[in-house]
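The structure under discussion appears below in the form of structure tokens.
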Protein chains: 2
Amino acid sequence: MAEDLQCLKVIALMGGCRGPVFFSSQTLGASLSTSPQTASRRLQSLERQMLVTRSVGPGGQYIAVTQKGEDELRREYAEYSRVFGREGVQCLLNGHVITGLGEGRYYMSLEPYRLQFQRHLGFAPYPGTLNLRLNPSSIPHRKKLDTLEWIPIHGFRAEDRTFGEARCLPCRIGDIRCGIVVPGRTHYPEDIVELVAPVGLRAALSLKDNDIVTVEVDYD
Amino acid sequence: MAEDLQCLKVIALMGGCRGPVFFSSQTLGASLSTSPQTASRRLQSLERQMLVTRSVGPGGQYIAVTQKGEDELRREYAEYSRVFGREGVQCLLNGHVITGLGEGRYYMSLEPYRLQFQRHLGFAPYPGTLNLRLNPSSIPHRKKLDTLEWIPIHGFRAEDRTFGEARCLPCRIGDIRCGIVVPGRTHYPEDIVELVAPVGLRAALSLKDNDIVTVEVDYD
DNA sequence: ATTACTAGTAGACGAGTAA
DNA sequence: TTTACTCGTCTACTAGTAA
């Protein structure tokens, strides 16, 4: 419900995403321009939806936004970002080369995937991916990218197996055009980035494990 | 009203900020998970609030978000940005040195202003500002900065005159800590940036008019 | 197909009250 | 002071209908 989301946003503005914040229904009502009763009902509603956790004490209550609540807010933020934010995003992700599980090589060899990458990225993907572990300071930048418009890569069925969907974001390493690929809807480690490119990046850039790489995303 | 804002956002997502978009109440209702009747009433409500302009035709209507509507959405976007956006904003503004009106030098010599800059930026401002005209490609980045939390610089009265308020955003040129200063509430040219610093930037960096300067804003 | 009205209903609101 | 209940009102919804 829209009103609940507004309320959740106000709590987040008070710092509710970083830890419990203390306030009364009256205070919240003032921020929302409603009565304390309505503010109180909103908090109960948010708790029922598991968007916040509450601990009612004397003179007010401690409220913290849950992970589910934060996800909800980030979804909303991403929508606004699609309206305004796409101009002027500029990101440098720093990380070091790690050895992946070799799945990338397999998936990139499958025609249905190859064709989709070819069509949307403008190049045929090299059969293999480069895996990076991001520098911790790059993780916020990585999160920010989720608000951009990713290219959807659709799954398919073949030989009695289903191959999952994924999403892809165009980027660069120096002058080489690449794409960040994130598989499926499963939770993916936030510090890992998997890259497709028209060439074998390890060979082209003479990379070995632990070498530092900078990935550039410009979106303007 | 929260519901109206949600509706406005959906219209913006369809491209309503860039020009009129054509759709029916049913389509809109589907996006909002409401009946066509409610969607229709929402549109009437938005029109009454002058947040959109409408032109009803056969089989649907053309809707465009007005400037007032876009301002409303940007306000909301800025609030979400204050929750999430402050992590991982990284901006490089490129521009060339121009000669200002010399007002900066005067204002920076006034004690009430000087003290506020000193307190919030951590340095005493050099009496004088450096004016840059931004490269057009930097203007989107400049706009993005408006969603961050600026330091408010308060106005004051002295000698029968009022001195206006301003806002300031910490930044860097290389290793020199600076601040972007934007005066008052008046509309300021979007391609001009005025900088305060602890030193005279022209002298310190041997700058003359038309020299290229890169201003860095990191906010994490 | 639309938009926009009317009618009936369901749900949300604020006031009052108890703990 | 708080929170959270009940109660009466009123707004906002969906369904149906006309243009």
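Chain letters run A, B, ... following the sequence lines, proteins first and then strands; every chain starts at 1.
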Residue whose closest nucleotide on DNA chain C lies nearer the 5' end, B:Gln61 versus A:Gln37: B:Gln61

Taking only the side-chain nitrogens and oxygens of [X], find out if one of them lies under 4.0 Å from OP1 or OP2 of [N].
X: A:Gln26; N: D:dT2; result: yes
X: A:Ser40; N: D:dT3; result: no
X: A:Gln44; N: D:dT3; result: no

B:Ala39 vs A:Val56, nearer the 5' end of DNA chain D by closest nucleotide: A:Val56

Test salt bridge (Lys or Arg N to Asp or Glu O under 4.0 Å) applied to A:Lys68 and A:Glu72, step by step: CA-CA 6 Å; A:Lys68 185 183 169 196; A:Glu72 207 62 37; over 6 Å; no

Shortest side-chain distance from A:Arg54, nucleotide among C:dT3, D:dA4, D:dT2: D:dA4

Sidechain-backbone polar pair: B:Thr162 side chain, B:Arg157 backbone, donor-acceptor under 3.5 Å: no

Expressed as a whole number of angstroms, how long is the span from [X]:[atom1] to [N]:[atom2]?
X: A:Leu32; N: C:dA12; atom1: CG; atom2: P; value: 16 Å
X: B:Phe22; N: C:dA1; atom1: CZ; atom2: P; value: 15 Å
X: A:Phe23; N: D:dT1; atom1: CZ; atom2: P; value: 20 Å

Please enumerate all protein N or O atoms sitting under 3.5 Å from an N or O of nucleotides 10-13 of chain D, with distances to 0.1 Å.
unit_1: D:dC13; atom_1: OP1; unit_2: B:Arg42; atom_2: NH2; d: 2.3
unit_1: D:dC13; atom_1: OP2; unit_2: B:Arg41; atom_2: NH1; d: 2.5

Parallel, tilted or perpendicular: rings of A:Tyr62 and A:Phe22 (30°, 60°): tilted

Intermediate values then yes/no, side chain to side chain contact (heavy atoms under 4.5 Å, CB included), B:Ile180 and B:Trp150: CA-CA 9 Å; B:Ile180 298 174; B:Trp150 291 58; 3.9 Å; yes

Pair B:Asp4-B:Arg48, salt bridge (Lys or Arg N to Asp or Glu O under 4.0 Å): steps then yes or no: CA-CA 11 Å; B:Asp4 284 337; B:Arg48 253 183 281 115; over 6 Å; no

Cation over ring face, B:Arg114 and B:Phe117, 6.0 Å, 45°: no

